[in-house]
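For reference, the structure is listed below as structure tokens.
Numbering of ligands and ligand atoms starts at 1, following listing order. Computation of the quantities below employed the complete heavy-atom set of this structure, encompassing side-chain atoms and omitting hydrogens, waters and symmetry-equivalent molecules. On a predicted model such as this, the values are computed, not experimentally measured, just so you know.
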Amino acid sequence: MNEFTELRERMVRRQIAARGIEDPLILAAFRVVPRHAFVAEADAEQAYGDHPLPIAAEQTISQPYIVALMIEAAQIAPGDHMLEVGAGSGYAAAVISRIAARVIGIERQPELATLARERIARLGYGNVVIVEGDGTTGWQAEAPYDAILAAASGSHVPPPLVEQLKPGGRLVMPIGDPGAVQQLVKVTKCRDGTLQQSELGPVRFVPLIGQEGWTDG
Ligand code: SAM
């Protein structure tokens, strides 16, 4: 085992499985995606720590456990067609792609979208597409989705994201003020069209900026 494989295995056991996430598909996905390849070279040694890390454009790559928690809550399954809003480094999209059939990762910052796209291509994750744009209005071209994750905290649940869910689809996203403790929320679009919402616990994310989110600056 090389150094990073060992660190990754420890991350899966101590940070994810030890906190109660036991789905073998989720654990296997975190075992294979090289998180150190999604951060700056200078941060590679810290990539498997139990915390977020800075990436370009003053953004962050989320804590591994929180990514796992969101994947579990969204009940992502083999065959699923997925949208991730806030693709950032591309890491979460890469992990999801080891479970789902196809992942669209949308990122508003052109610099991050370009870097994530290059990284995903280099690593060979052929079922991930990184697009650039305001993900608060979703990505209509590939809708509907089995599940949508948003990796940035919104002011409210964006109606276009709910519209782009399939019947039975799940949306998991943080809601709350930038810089404050936010609430991770799950919205399920029931087969009769009604919505069920539940709260999953406190989190801290960067703001979701856009038409159906916060205003830049
Ligand atoms: N999932 C990412 C990863 O694995 O690296 C981490 C994402 S970071 C916590 C949140 C990202 O959301 C930032 O890159 C930010 O630019 C992006 N973002 C914020 N508002 C957005 C929007 N309306 N549409 C798309 N991306 C947005």
Side-chain angles (χ1 to χ4, degrees), residues 11 16 26 29-30 33-40 43-44 46-49 51-71 73-74 76 82-100 103-120 123 125 128-142 145 147-161 164 171-179 182 184 203-217:
M11 171 192 84
I16 301 176
I26 298 180
F30 279 90
V33 177
R35 185 169 160 93
H36 61 276
F38 291 81
V39 299
D43 291 329
Q46 291 187 63
Y48 298 97
H51 46 70
L53 275 174
I55 53 173
E58 294 176 7
Q59 299 300 320
T60 54
I61 175 172
S62 307
Q63 181 189 3
Y65 169 66
I66 295 295
V67 180
L69 184 68
M70 292 176 78
I71 293 174
I76 296 169
M82 277 282 316
L83 176 68
E84 192 212 5
V85 177
S89 68
Y91 174 70
V95 173
I96 294 165
S97 80
R98 301 304 83 197
I99 304 170
V103 186
I104 312 300
I106 182 164
E107 172 54 53
R108 71 180 281 271
Q109 306 237 30
E111 178 190 356
L112 290 177
T114 302
L115 284 171
R117 203 176 287 127
E118 286 169 3
R119 216 173 259 136
I120 290 286
L123 293 167
Y125 297 123
V128 179
V129 179
I130 303 290
V131 297
E132 193 187 307
D134 174 9
T136 65
T137 58
W139 188 254
Q140 183 62 46
E142 293 252 3
Y145 301 97
I148 301 177
L149 298 188
S153 183
S155 48
H156 59 280
V157 174
L161 296 188
Q164 289 176 26
L171 163 66
V172 175
M173 68 177 289
I175 300 284
D177 292 351
Q182 303 131 7
L184 192 61
V203 285
R204 267 182 189 276
F205 276 85
V206 297
L208 182 69
I209 295 166
Q211 196 178 309
E212 292 284 348
W214 303 102
T215 312
D216 200 0

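- Taking only non-hydrogen atoms, the option from Gln59, Glu58, Glu84 nearest to atom 1 (N) of ligand 1 is Glu84.
- Under 4.0 angstrom from ligand 1, there are no non-hydrogen atoms of Ala57.
- In this structure, CD1 on Ile120 lies 11.5 Å from OH on Tyr91, to the nearest 0.5 angstrom.
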Full working for side-chain contact (heavy atoms from CB on, under 4.5 Å) between Leu112 and Gln59: CA-CA 9 Å; Leu112 290 177; Gln59 299 300 320; 3.6 Å; yes

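- Considering CD1 of Ile66 and CZ of Arg204, their distance stands at 12.0 Å, rounded to 0.5 Å.
- Tyr48 places a side-chain N or O within 3.5 Å of a backbone atom of His36 that can act as its donor or acceptor partner.
- Within the structure, the closest approach of Ala93 to ligand 1 does not fall below 4.0 Å when heavy atoms are considered.
- For atom 23 (N) of ligand 1, the nearest non-hydrogen atom from the set Val131, Ile209, Val85 belongs to Ile209.
- At a heavy-atom distance under 4.0 Å, only side-chain atoms of Val206, from C-beta outward, approach ligand 1.
- At a 4.0 Å heavy-atom cut-off, ligand 1 touches Leu112 through the side chain alone.
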Can you list the steps and then say if Val103 with Tyr125 is a side-chain contact (heavy atoms from CB on, under 4.5 Å)? CA-CA 10 Å; Val103 186; Tyr125 297 123; over 6 Å; no

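- Heavy atoms of Gly213 come nearer than 4.0 angstrom to ligand 1 in no pair at all.
- The shortest N or O to N or O distance between Gly135 and ligand 1 is below 3.5 Å.
- Neither the backbone nor the side chain of Ala116 has a heavy atom within less than 4.0 Å of ligand 1.
- When the heavy atoms of Glu107, Arg108, Gln211 are ranked by distance to atom 16 (O) of ligand 1, first place goes to Glu107.
- Remark: among candidates Ser153, Ala87, Gly210, the nearest residue to atom 2 (C) of ligand 1 is Ala87, based on non-hydrogen atoms.
- For the side-chain contact (heavy atoms from CB on, under 4.5 Å) test with Val85, the passing option among Ile104, Ile148, Leu171 is Ile148; the others fail.
- Not a single heavy atom of Ala150 sits closer than 4.0 Å to an atom of ligand 1.
- Inclusion of Ala152 in the set of residues having an N or O under 3.5 Å from an N or O of ligand 1 is not warranted.
- Interatomic distance, OG1 of Thr137 versus CG of Leu161, reported as 8.0 Å (0.5 Å rounding).
- At under 3.5 Å, a nitrogen or oxygen of Gly86, whether backbone or side chain, sits near a nitrogen or oxygen of ligand 1.
- Taking every heavy atom of both residues into account, Pro174 and Phe205 meet most closely at CG-CD1, 3.4 Å.
- Using modelled atom types, no side-chain atom of Glu84 and backbone atom of Leu149 make a donor-acceptor pair closer than 3.5 Å.
- Across all their heavy atoms, Arg35 and Ser62 have their closest contact at NH2-O, 2.9 Å.
- Protein heavy atom in closest approach to atom 10 (C) of ligand 1: Ala151 O, 3.2 Å.
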